[in-house]
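All heavy atoms count here, side chains included; hydrogens, waters and symmetry mates do not.
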Amino acid sequence: MSYPEYTHEKSRALFERAKKVIPSGVYGHLGPAEGLFIPVSKWPMFSERAEGTYFWDVDGNKYIDYMCAYGPNVMGYNDPDVDAAALAQLKKGNCTSSPGSIMVDCAELLVDTVASADWVYFAKNGNDTTQIAAMTARAYTHRKKIIFFKGYYHGISPWQAKKDYNGVLPEEVWNNIIVPWDDIPALQKAIEENKGEIAAIIAQPYDHGNFHDNVIMTRSFWQKVRKICDDEDIQLIIDDVRAGFRLDLAGSDHYFGFKADMICFCKALANGYNMSALCGRDHLKNAISGMNVTGSYWLSSVPFAACIANIEKMKKLNTPQLFDTLGTKLINGLKVAGKEHGFDLVASGMPSLFYLRIANDDSLYLHQEWIAECVSRGVFFASHHNHFINAALTDEDIKTTVEIAEDAFKAVKANHPELA
Ligand SMILES: Cc1ncc(COP(=O)(O)O)c(C=O)c1O
């Protein structure tokens, strides 16, 4: 089947306007510079509306969306149950002088749902939770240093930046130690060299970084890390901001068979209503209670109502299982479509968060070309970031995706006679 390419005149015109009044037009991961939209010319810049697994750009083009707003769309855009709960709460009150009683309901539900959680500290962004987790670990241990795994991203606070980043002082990252993933001897060496000084290890549940094949850790790796932390009094922080609730509704630490000391959630919590939650274990409750961290909207009630409806629905649908099934089906279809045109498509990471790479070409150009051809025909992928499955995705959507992907492979092949 042949799918015509989209055009983006209104998107481009809007971007020209945006550049005049917004730094870099659209900044951060939703923008062309950092959003991994390579080559940028094939991507829309602005959306008009969204529904279920789709969004429409300002030029009226429809996309099957595998970026899911980089994670928050877990149930489908505008999910009727989540929206109804949020709107009902909005009528009762949202940002109020005393928090709504629903905050306690939401915390109780999270403590019941997340295996390692004894308490919940609410905030707004993923970065808030990783920031508060590091502060809590430092307050509890009275130590400064933090171990990260290579290629980490835990947010935008200066302490978690790299030292050559604009606006970051060398002393803000002095206490960071970076070790490779899945290398217990290197981790032990780093701890030995900084004996009694390490407050925490912070890590995603597996290596789901950008620009490289994603690598899933073994249960045995995590058991060893847990034991090292116990032996050395190091707090183990799991950053589940991106993967949270897509592997296991009880937390990704539960999926890998261990208990984090603190676990950070954000993206999949409330289907796009803005909230995040740091969950932690009892021994840290006193330390976090004594800290001065809050925000204007952190205790607003509408997201709590959305979160409760969303978590209950994720449990009803068993979304981790559903995402695994849908993701596996999609990956298999894409690989077959690639093979038909001589492309070796490699998928890595969890099927619910699959990462793609065409392995025919080390330069990644072919891969970028294929992804762009998919996007300009209605399948919203990103070149070097993991993708996301949501609960509104159907088998019919997967069939259409594979057809478009096949058409895109055909277009790339036609541009590269040298591959024949
Ligand atoms: C693994 C991980 N940690 C932390 C963050 C930061 O979350 P936020 O952008 O909500 O502050 C992100 C965001 O993409 C993330 O993917």
For [X] versus [Y], what's the shortest heavy-atom pair and its separation?
X    : Y    : answer
P303 : N94  : CD-OD1, 4.0 Å
V120 : F122 : CG1-CE2, 3.6 Å
G333 : V402 : O-CG1, 3.6 Å
I389 : C68  : C-SG, 4.3 Å
Y206 : G349 : CE1-CA, 3.9 Å
H154 : F148 : CD2-CD2, 3.7 Å

Aromatic ring pairing [X]/[Y], orientation class (parallel under 30°, perpendicular over 60°, tilted between):
X    : Y    : result
Y70  : H385 : perpendicular
W43  : F37  : parallel
F354 : Y66  : perpendicular
F149 : W222 : perpendicular

Heavy-atom count around [X] [atom1] within 6.0 Å, excluding the residue itself: above 12?
X    : atom1 : result
K150 : NZ    : no
L90  : CG    : yes
D231 : CG    : yes
N286 : CG    : no

Which is it for K92 and Q89 under the side-chain contact (heavy atoms from CB on, under 4.5 Å) test, yes or no, and what are the steps along the way? CA-CA 5 Å; K92 286 167 75 179; Q89 181 60 46; 4.1 Å; yes
Could you walk me through whether E16 and R12 pass the salt bridge (Lys or Arg N to Asp or Glu O under 4.0 Å) test, one step at a time? CA-CA 6 Å; E16 288 308 311; R12 303 292 139 183; over 6 Å; no
N/O donor-acceptor pair under 3.5 Å between [X] side chain and [Y] backbone:
X    : Y    : answer
N214 : H212 : yes
S252 : D248 : no
R143 : I198 : yes

Are [X] and [Y] close enough that their ring centers fall under 6.0 Å?
X    : Y    : value
Y63  : F55  : yes
F343 : W370 : no
Y77  : Y54  : no
Y355 : H208 : no

To the closest 0.5 Å, what do you measure between [atom1] ([X]) and [atom2] ([Y])?
X    : Y    : atom1 : atom2 : result
E396 : I398 : CD    : CD1   : 10.5 Å
Y6   : K62  : OH    : NZ    : 8.0 Å
I358 : S363 : CD1   : OG    : 10.5 Å
L236 : D261 : CG    : CG    : 6.0 Å
L334 : H387 : CG    : NE2   : 9.5 Å

If you apply the rule side-chain hydrogen bond (donor to acceptor under 3.5 Å, both in side chains), what do you find for N390 with T53, and how did you get there? CA-CA 7 Å; N390 71 80; T53 199; 2.8 Å; yes
Worked verdict on H367 versus H384 for ring-ring contact (aromatic ring centres under 6.0 Å, His included): CA-CA 9 Å; H367 179 73; H384 305 297; 5.7 Å; yes
Can you name the one residue among L110, V74, N310 that meets side-chain contact (heavy atoms from CB on, under 4.5 Å) with L269?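 For L269, the side-chain contact (heavy atoms from CB on, under 4.5 Å) check succeeds only for L110.
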For I201, the option from V179, I146, I147 that meets side-chain contact (heavy atoms from CB on, under 4.5 Å): I147
Going through the checks in order, is the salt bridge (Lys or Arg N to Asp or Glu O under 4.0 Å) test met by E373 and K42? CA-CA 7 Å; E373 296 297 339; K42 302 265 181 174; 3.4 Å; yes
Residue pair T113 / K315, side-chain donor-acceptor N/O under 3.5 Å: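 On atom types as modelled, these side chains qualify, holding a pair under 3.5 Å.
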[X] side chain near [Y] side chain, heavy-atom distance below 4.5 Å:
X    : Y    : answer
T400 : Y3   : yes
N271 : P72  : no
V215 : S348 : no
F323 : L393 : no
H283 : Q235 : yes
I102 : D105 : yes

Could you tell me if K162 sits above the aromatic ring of Y152, with its cationic atom closer than 6.0 Å to the ring centre and no more than 45 degrees from the axis? yes
Take D118 and K285 through the test salt bridge (Lys or Arg N to Asp or Glu O under 4.0 Å) and record every step on the way to the result. CA-CA 9 Å; D118 294 320; K285 200 154 163 239; over 6 Å; no
Walk me through whether E48 and K10 qualify under salt bridge (Lys or Arg N to Asp or Glu O under 4.0 Å). CA-CA 11 Å; E48 188 63 44; K10 287 189 183 158; over 6 Å; no
Pair D253 + K259: basic N to acidic O under 4.0 Å: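 Answer for the salt bridge query: no.
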With side-chain hydrogen bond (donor to acceptor under 3.5 Å, both in side chains) as the test, would you mind laying out the steps for N127 and S157 before giving the verdict? CA-CA 7 Å; N127 182 76; S157 300; 3.1 Å; yes
Worked check of side-chain hydrogen bond (donor to acceptor under 3.5 Å, both in side chains) between K267 and S276: CA-CA 7 Å; K267 291 175 188 286; S276 60; over 6 Å; no
Which residues pass the side-chain hydrogen bond (donor to acceptor under 3.5 Å, both in side chains) test with R357, not counting sequence neighbours? D213
Determine, step by step, whether N194 and K145 satisfy the side-chain hydrogen bond (donor to acceptor under 3.5 Å, both in side chains) criterion, reporting the C-alpha distance in whole Å, the side-chain angles of both residues, the deciding distance to 0.1 Å, and the verdict. CA-CA 8 Å; N194 297 277; K145 296 189 179 174; 2.8 Å; yes
Show me the side-chain donor-acceptor pairs of residues 291-299 shorter than 3.5 Å, one per line, residues at least two apart or across chains.
none

